[in-house]
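Here's the structure we're looking at; comments come further down.
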Amino acid sequence: MSIQLSEQEIVRRESLAKLRALGINPYPADLFPVNALTNQVKEKFVEGKEVVLAGRMMSQRIMGKASFAELKDSAGRLQVYINRDELCPGEDKTLYNEVFKKLLDIGDFIGVKGTLFTTQVGEKSLKVKELTVLSKSLRPLPIVKTDEDGKVHDAFTDPEMRYRQRYVDLVVNDGVKEVFITRSKVMSTMREFFNAKGYLEVETPILQPVPGGAAARPFITHHNALDMPLYLRIANELYLKRLIVGGFDGVYEFAKDFRNEGMDKTHNPEFTVMEIYVSYKDYNWMMDFTEEMIEKVALAVHGKPECKVGENVISFARPFKRISLTDAIKEFTGFDISGKTEKELFDWCRANGIDADESMGKGKLIDEIFGEKCEKNYIQPTFITDYPKEMSPLCKEHRTNPDLTERFELMVNGKEIANAYSELNDPIDQRERFEEQLRLSEKGDDEAMFIDQDFLRALEYGMPPTSGMGIGIDRLVMLMTNQSSIQEVLFFPQMKLEKKAVELTDAEKAILEVLKANNNMDLTALKNTVGLSGKQWDAGMKGLSKHGLVKVEVNGDSKTCVLK
RNA sequence: GAGUUGGUAGCUCAGCUGGUAGAGCAUUUCACUUUUAAUGAAAGGGUCCUGGGUUCGAAUCCCAGCCAGGUCACCA
C-alpha cells in the first residue's frame with residue numbers, strides 16, 4: 001500500500017537480506033519443536049530445566065557480550081538471557097554478534113532452547129543455548145513499556161488504530177486477549193448448558209428471501225444466478241420455529257444478524273445473538289432457564305455470581321427480580337397504564353416530557369414511557385414481563401389479559417439484554433398480527449414489514465406450545481468484561497474505509513514502473529524507455545516529484561532520476 | 001443526523017498572539033557478561049490528515065472535506 005517506506009522499514013528489509021546472505025531463512029518451513037509456554041514455565045518453575053519456547057521478541061537489552069530479551073508467546077512473557085559464549089561456544093560468534101544483536105528486531109518471531117534459571121535480581125528467566133529465527137517482522141510495533149511501579153508508558157491507545165489493526169492491539173496490549181477469551185467462555189458455557197439438556201445446535205440461512213422475526217432495516221444483496229434479491233437476516237426466529245414445527249424439542253443457534261441502521265457504542269451492523277426455542281414450555285419456564293444460564297455464565301467467567309460493571313456491582317445470583325411492565329411504570333411514574341386509551345397515553349406522554357407523535361400506537365407509547373422513565377433504573381438483573389400485544393406480534397396472548405402478551409425482557413445495567421416469549425402458535429392469530437403490523441407500518445414507517453407466507457404455512461401444520469428466548473451476546477460479553485463499547489468485544493468492529501493511498505495517474509505509474517525495475521536512471525534514458533509524449537512525460541514527472549516519489553539529481557551535464 | 005474534541009517522526013505527545021518543526025521511546029553507530037522503562041556517547045528520521053483561502057510568510061488563522069473518539073437524538 002505505502003510505496004514509501006520509513007527508515008525503520010528499510011532497515012528491517014536490509015536485515016532480512018543480510019539474514020539470507022548468512023544462509024538463514026527468515027521464514028523457515030520446518031516445524032519448530034515448542035514444548036512449553038511461558039506461563040507454564042513460570043508457574044512450574046524448575047531451576048535448570050531445559051525447555052523449548054517460541055514467540056515474538058518484545059524487547060532487547062544488549063550489554064556487550066550478554067543480553068536480555070523478552071519473549072512473548074500466546075500465554076504471556078518470559079525474559080530470556082543470551083550469553084555470547086554460551087550461544088556460540090566455538091570461534092564463530094556470528095549468531096550472537098550479527099544475527100541477534102543487529103539483524104533481529106522487536107516483533108520478530110524466534111525459537112529458543114535453553115535452561116531455566118533465576119537472575120540476581122530474582123527474575124525467572126531462560127538461558128538460551130540455541131536460537132532460531134522463525135519469522136522476520138518488517139514493520140515496527142508500537143513500543144509499550146511498563147515501569148517498576150506498573151505505570152504504562154507510550155500505551156497504544158488510539159481506538160482507531162486499535163480497531164483497524166486489531167492484530168497489533170492484541171500483540172502490544174496485554175489484556176485485550178482476555179476480553180476475547182472471556183467472550184469464548186461465555187459462549188461455550190451456554191453451549192454446554194444447552195447441550196446437557198439435549199437441545200440441538202443448528203444453523204439457519206443468513207441469506208433470506210424474506211427477512212423476518214424483527215422490525216429492522218435489512219441489508220439487501222442480489223443473487224446473480226437466481227436473479228433475485230436476498231436479504232441478510234435480521235433475526236433467526238422464524239427459521240428456528242420451523243424446526244420446532246419439524247419436531248425438534250429444543251433448538252438453538254449462535255448467529256450473526258445484520259441490521260442496516262445507525263452505529264454507536266452499543267450497535268454494530270453485524271452482531272451476535274443466541275436464540276433458543278424449547279417446545280412444551282412457556283415464558284415462566286424460560287425465565288427460570290434464563291436465570292440459570294446467566295448465573296452459570298457469570299460463575300464460569302468470574303468464579304462468583306457478581307461482577308463489576310462501571311460503577312456498579314451486579315449480582316447474577318438467582319432469583320432475579322420479576323415485575324410486570326405495568327407495575328414497573330407504576331413504580332417509577334405513579335401512572336397506571338392499564339385500560340388506558342391511546343389518547344390518554346398520548347396526553348400523558350406529552351404532559352410528562354416524552355416525545356410522542358400521531359403515528360405511535362398504544363404499544364409504542366407504552367414502550368416510550370418505559371424506555372424514558374424506567375429502563376435505566378434496572379441495574380440489577382430484572383425480568384420485565386407482560387408487554388402490550390401491539391408491540392409483540394410473534395408472542396402469544398397473555399393467558400389472563402387479552403391486551404397483553406406472555407413476553408419478558410431481561411434488563412441489566414439499565415439495558416435490555418434478552419427477550420423471550422411464549423411463542424404464538426395459532427396460525428390464524430399470527431396471520432392477523434402480521435396484517436396488523438403491516439397496517440401500523442403503513443401509517444408512516446420506514447421499516448417495511450414483510451409477511452413470511454411460508455412461516456405461516458409451517459404454523460398451519462401445527463407448532464407445539466413453545467417458549468423462545470434471544471440474547472445479545474455482544475452486550476452480555478460487555479457486561480461480563482466490564483466494557484462500555486461494543487467495539488471492545490468485537491475483534492473487527494465495522495469501520496469506514498481507510499483513506500486511499502495517493503492515486504497515481506497512468507503516466508505516473510508507467511514512469512514509476514520503469515524506474516523501479518532499473519532503480520536510478522539517467523533522465524533521457526528514462527524518458528526514452530517510458531515512451532510517453534512530451535506532455536504526458538512532463539505531467540507525470542511533475543506529479544511524481546510532487547508526491548515525493550522521485551527526485552531528479554543534477555550533476556554537471558548528467559541528470560539522474562532517483563527513486564525515493 | 002446535530003453539535004463537540006482530536007489528526008504533527010515508527011509509537012506516545014509538546015509546539016504561546018502566524019516567523020527555518022521539538023522531546024521521550026524506537027532506529028543507526030560505538031562502549032558494556034545477570035539487566036529490567038538497562039545505562040553512557042553520538043547520529044539520522046517529517047505529505048504537520050486533504051484541498052482551498054487570508055498573509056511578505058500558515059502546523060498555527062478562516063472555509064470546505066476525510067477519518068476517529070466521546071455526547072445527544074434516532075433506531076432495537
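Every chain is numbered from 1, with letters handed out A, B, ... down the list of sequences.
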Is any N or O donor-acceptor pair between the side chain of A/Asp154 and the base of B/G24 shorter than 3.5 Å? yes
If each of A/Glu372 and A/Phe271 is mapped to the nucleotide of RNA chain B with the nearest heavy atom, which maps nearer the 5' terminus, i.e. the 5' end? A/Glu372
Around atom NZ of A/Lys49, are there more than 12 heavy atoms of other residues, nucleotides or ligands at under 6.0 Å? no
Testing B/G45, B/U36, B/U29 for proximity to the side chain of A/Lys102, the answer is B/U29
Round to the nearest Å and state the distance from A/Gln120 atom CD to B/A38 atom C1'. 14 Å
Separation of the C1' atoms in B/G19 and B/A9, to the nearest angstrom: 23 Å
Whole-Å distance, A/Met161 CE to B/A68 C1', equals 11 Å
State plainly whether the residues A/Glu9 and A/Arg13 are in salt-bridge range, i.e. N to O under 4.0 Å. no
Out of B/C74, B/C67, B/U34, which nucleotide sits closest to the side chain of A/Glu160? B/C67
Between A/Glu160 and A/Arg164, is there a salt bridge with N-O shorter than 4.0 Å? yes
For nucleotides B/U50 and B/U29, find the distance between their P atoms and express it as a whole number of Å. 32 Å
Under 4.0 Å: is that the gap between some side-chain N or O of A/Lys65 and OP1 or OP2 of B/U33? yes
Whole-Å distance, A/Leu5 CG to B/U27 P, equals 18 Å
Within the structure, does a side-chain N or O atom of A/Lys265 lie under 4.0 Å from either OP1 or OP2 of B/U71? yes
Exercise: do A/Tyr163 and A/Glu488 side chains pair donor with acceptor under 3.5 Å: yes
Closer than 4.0 angstrom, basic N to acidic O: yes or no for A/Lys256 and A/Glu270? yes
Validation row, ring centre A/Tyr378 to ring centre A/Phe332 under 6.0 Å: yes
Per atom distances to the A/Ile62 side chain, the nearest of B/U36, B/C11, B/C32 is B/C32
Minimum-distance nucleotide (side-chain atoms of A/Phe156 versus B/A37, B/A68, B/U12): B/U12
Taking only the side-chain nitrogens and oxygens of A/Lys145, find out if one of them lies under 4.0 Å from OP1 or OP2 of B/U12. no
For B/U28, which nucleotide in any strand shown is its Watson-Crick or wobble partner with both distances under 3.5 Å? B/A42
From C-beta outward on A/Gln487, which listed nucleotide comes closest to its side chain: B/C75, B/G69, B/U27? B/G69
Rounding to a whole Å, what distance do you find between A/Asp105:CG and B/U28:P? 6 Å
Mind calculating the distance between CE (A/Met63) and C1' (B/G40) to the nearest angstrom? 14 Å
Among B/U33, B/A73, B/U34, which is the nearest nucleotide to the side chain of A/Ala66? B/U33
Could you tell me how far apart A/Ile143 (CD1) and B/U12 (P) are, to the nearest whole angstrom? 12 Å
Provide the Watson-Crick or G-U wobble partner of B/U71, both distances under 3.5 Å; none if there is no partner. B/A2
What's the closest nucleotide to the side chain of A/Asp264 if the choices are B/A26, B/U35, B/A73? B/A73
How many whole angstroms separate atom CG of A/Asp108 from atom P of B/A26? 16 Å
Using atom C1' in both nucleotides, what's the gap between B/C63 and B/G24 to the nearest angstrom? 36 Å
Side chain of A/Met495 - closest among B/G69, B/U27, B/U34: B/G69
Rounded to whole Å, the CE-C1' distance (A/Met263 to B/C67) equals 13 Å
Would you mind telling me which residue lines up with the more 5' stretch of RNA chain B, A/Lys496 or A/Glu368, judged by nearest nucleotide? A/Lys496
Do we get A/Lys127 above A/Phe117's six-membered ring, with its NZ or CZ under 6.0 Å from the centre and within 45° of the axis? yes
Return the nearest nucleotide to the side chain of A/Arg61; candidates are B/C67, B/A38, B/U28. B/A38
Of the nucleotides B/U36, B/A38, B/A26, which has the atom closest to the A/Thr119 side chain? B/U36
